[in-house]
Student: 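The structure's right below; bear with me while I get my questions together.
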Amino acid sequence: VVAFAATTTPQSSSSSSSSVGAEPQSDSFTSYSKADAKRVLKKLCEKAMVARIRGEGRRCDGRPTDEVRPITIDCSPLPTAHGSAVFTRGETQSLATCTLGGKSMALKNLDALDDDPDERRFYLQYSFPPSSVGETGRVGAPGRREVGHGALAERALEPAVPAMADFNYAIRVESLITESCGSSSMASVCGGALAMMDAGVPIRHVAGVAMGLVLPEEEDHHDDIVGAAAAAEADSAKEESSAILLTDILGIEDALGSMDFKVAGDSEGISAFQLDVKRLGLTPSILADAVARSRVARLEVLEAMKAALPSARTTMAASVPRSFQLSVPAGGIGKLIGPGGRTVRGIIDDFGLRDVQVDADGTVHIVGVNDTAIDLAAKYVVALFADYGLGMSASGGGGGPGNGRPTYEGPLPDVNATLSGKVTDVKTFGVFVELDAFPGLEGLCHISELAVERVRNIERFVQDGQALTVKVIGINGDTKRVSLSRKSYLLAQRAKSAPTTTTTTTTKKQKDDAAT
């Protein structure tokens, strides 16, 4: 190393240099810094690697230049995760998990610019612990490298993610690198795609591969950038003809090679790429060959992925929350949310839901783990807007609570009229009452209008056939839906029965006369 340093470091001189194989003098070791030794050792390793590739056509692990490392795939290794996969390529392995949730699980983009969305429905988080390369160390917040690798994998997968209208979920993918020897970000792409498919996300297969490059040895121009550029331009034709592309590079080939070119996509095209150039000499022709070679390798990886999991699963795990979407009039959003969010929180608590989110355009996202509870909550929301003539226009739902009720053709009562009636049907969201004065006409008394206090169990509070006195609080002229309120009648009765007090005002003159 000392002998080689004498011919490659700027500080070397003819008097201090030693010939290869000669015994270095004692002061030779003190002529160079630790950085010089590291640089020279790296140069020696690079020369040895390039010599083997050019001389034998073999790489450090014995592979030909165009061969992909052996691939093994294990889908659903984590039984309780929504979706998971272990993708191993050579000595690089990614444990990828996919978690599905409602709209509230979307990642908030607090640093968004004017044209950027405020939240990201799909995001990928990449983790590279020191143990993945056989080291110990503190595991803290993601570093710049982890953020960059995660962003590359996320951009590679994002074009394949279905639209919100087709798949009403927020999607979080995590790639944990358990061992690494090159191209862990591309392993994250493959593992992330498989984990999403395992969770039931309807996407196509997406894979990635890293390409390397070996160029002829360049003259050491040290810090003379102008001289290096001129030399590279003069030798471009020679380098182009003798350049050797490497498929699916190792970590050492990334460190000692001339290029790290990551390409990801599916069988039809490229969704993301990243190019890291280590030295001058890369030409458009070499880059075009690298793109073509990367497609061949990517198709090979895609075939291995399809063999392990041919398509996205059609059934989701039992732990995946169910998501239901419906639309309500935008002008009535406040009625659904309630004062301080009381109404929407009550819906979540009463029906055992995970979340209820309301968009500004009136789109309501209901998330829960029980299909029956979600269906009942959706009908409850529809009943809230009965006076709007709202049907069950929803994604993944059925008919509304008013469907199938008897059709009434006749006069309608006046608003604010107090009438007696009989309960004909009890639902979780309220009761239908047939008015005695208008035979055949049913009105809906919502659960929130049944009593002054909150009714938590409507089946215990009221039964079919029970007589009720209610007040008409609204009528939809188009659908003839009548909204009733027993609470308004009870409050009016309380106001009538409250004792009244009379206050008599006595003037000063009257007081004086009384005193006289």
Student: Rounded to the nearest 0.5 Å, how far apart are SG of Cys75 and CG of Leu194?
Tutor: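 One gets 5.0 Å once the value is rounded to the nearest 0.5 Å.
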Student: How far does CD1 of Ile249 sit from SG of Cys60, to the nearest 0.5 angstrom?
Tutor: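 So the CD1 of Ile249 and the SG of Cys60 are separated by 11.5 Å.
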Student: Evaluate the ring planes of Phe167 and Tyr169, with Trp represented by its six-membered ring, and classify them as parallel (under 30°), tilted (30 to 60°) or perpendicular (over 60°).
Tutor: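 Correct class here is tilted.
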Student: I'd like to know whether CZ of Arg342 has more than 12 heavy-atom contacts from other residues, nucleotides or ligands below 6.0 angstrom.
Tutor: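 It does not: Arg342 CZ has 12 such atoms or fewer within range.
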Student: Less than 3.5 Å apart, any donor N or O on the side chain of Glu179 or Ser132 sitting next to an acceptor on the other?
Tutor: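 Ser132 and Glu179 do not have a side-chain donor-acceptor pair below 3.5 Å.
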Student: Counting only heavy atoms not in Phe273 (residues, nucleotides, ligands), do more than 12 fall under 6.0 Å from its CZ?
Tutor: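 12 or below, so no.
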Student: Tell me whether Ser84 contacts the main-chain N or O of Leu78 through its side chain, where contact means a donor paired with an acceptor under 3.5 Å.
Tutor: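 The answer is yes, because a donor-acceptor pair under 3.5 Å joins these two groups.
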Student: With a 4.0 Å cut-off on N to O distance, would you call Arg172 and Glu174 a salt bridge?
Tutor: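 Counted as a salt bridge, because a side-chain N and a carboxylate O are separated by less than 4.0 Å.
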Student: Work out which heavy atom in Val68 is nearest to a heavy atom in Asp248; give both atom names and the distance.
Tutor: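 Closest approach of Val68 to Asp248, heavy atoms only: CG1-OD2, 3.7 Å.
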Student: Would you name the heavy atoms of Val291 and Ser294 that are closest together and state the gap between them?
Tutor: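 Val291 and Ser294 have their closest heavy atoms at O-OG, 2.6 Å.
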Student: Do other residues, nucleotides or ligands put more than 12 heavy atoms under 6.0 Å from Arg313 CZ?
Tutor: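 More than 12 heavy atoms, drawn from other residues, nucleotides or ligands, come within 6.0 Å of this atom.
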Student: Distance from Met196 atom CE to His205 atom NE2, nearest 0.5 Å?
Tutor: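 One gets 11.5 Å once the value is rounded to the nearest 0.5 Å.
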Student: Would you say Tyr126 and Ser94 are linked by a side-chain donor-acceptor pair, where the criterion is simply a distance under 3.5 Å?
Tutor: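 No.
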Student: Can you see whether Phe128 has Arg145 sitting over its ring - NZ or CZ less than 6.0 Å from the centre and within 45° of the normal?
Tutor: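 Checked: cation-pi criterion met.
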Student: Out of curiosity, His82 NE2 to Asp198 CG, how far, rounded to the nearest 0.5 Å?
Tutor: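 CG of Asp198 is found 11.5 Å from NE2 of His82.
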Student: Considering all heavy atoms of both residues, which atom of Val358 and which atom of Leu336 are nearest to each other, and what is their separation?
Tutor: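 Val358 and Leu336 have their closest heavy atoms at CG2-CD2, 3.7 Å.
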Student: So which heavy atom on Val214 is nearest to which on Arg54, and how close?
Tutor: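 Looking at all heavy atoms of both residues, the closest pair is O-NH2, 3.7 Å.
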Student: Nearest heavy-atom pair of Arg293 and Leu245: which atoms, and what distance?
Tutor: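 Looking at all heavy atoms of both residues, the closest pair is NH2-O, 3.1 Å.
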Student: Which atoms form the tightest heavy-atom contact between Ala210 and Asp260, and what is the distance?
Tutor: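 Ala210 and Asp260 have their closest heavy atoms at CB-OD1, 3.9 Å.
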Student: Less than 4.0 angstrom from a charged side-chain N to a carboxylate O is my criterion; do Arg69 and Asp61 meet it?
Tutor: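 Salt bridge between Arg69 and Asp61, a charged N being under 4.0 Å from a carboxylate O: no.
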Student: Tell me if the CZ atom of Arg63 is crowded by more than 12 foreign heavy atoms within 6.0 Å.
Tutor: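 Buried by this count: over 12 neighbours within 6.0 Å.
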Student: To the nearest 0.5 Å, tell me how far Phe351 CZ sits from Thr372 OG1.
Tutor: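 Separation between the atoms: 12.0 Å.
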Student: Would you call Asp375 and Lys379 a salt bridge, taking side-chain N to carboxylate O under 4.0 Å as the test?
Tutor: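 Lys379 and Asp375: salt-bridged.
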Student: Is a salt bridge present between Lys262 and Asp276, judged by a nitrogen-to-oxygen distance below 4.0 Å?
Tutor: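 Salt bridge between Lys262 and Asp276, a charged N being under 4.0 Å from a carboxylate O: no.
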Student: Looking only at side-chain N and O atoms, does Asp359 offer a donor or acceptor that is under 3.5 Å from a partner on His365?
Tutor: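 Present: a donor and an acceptor within the cut-off.
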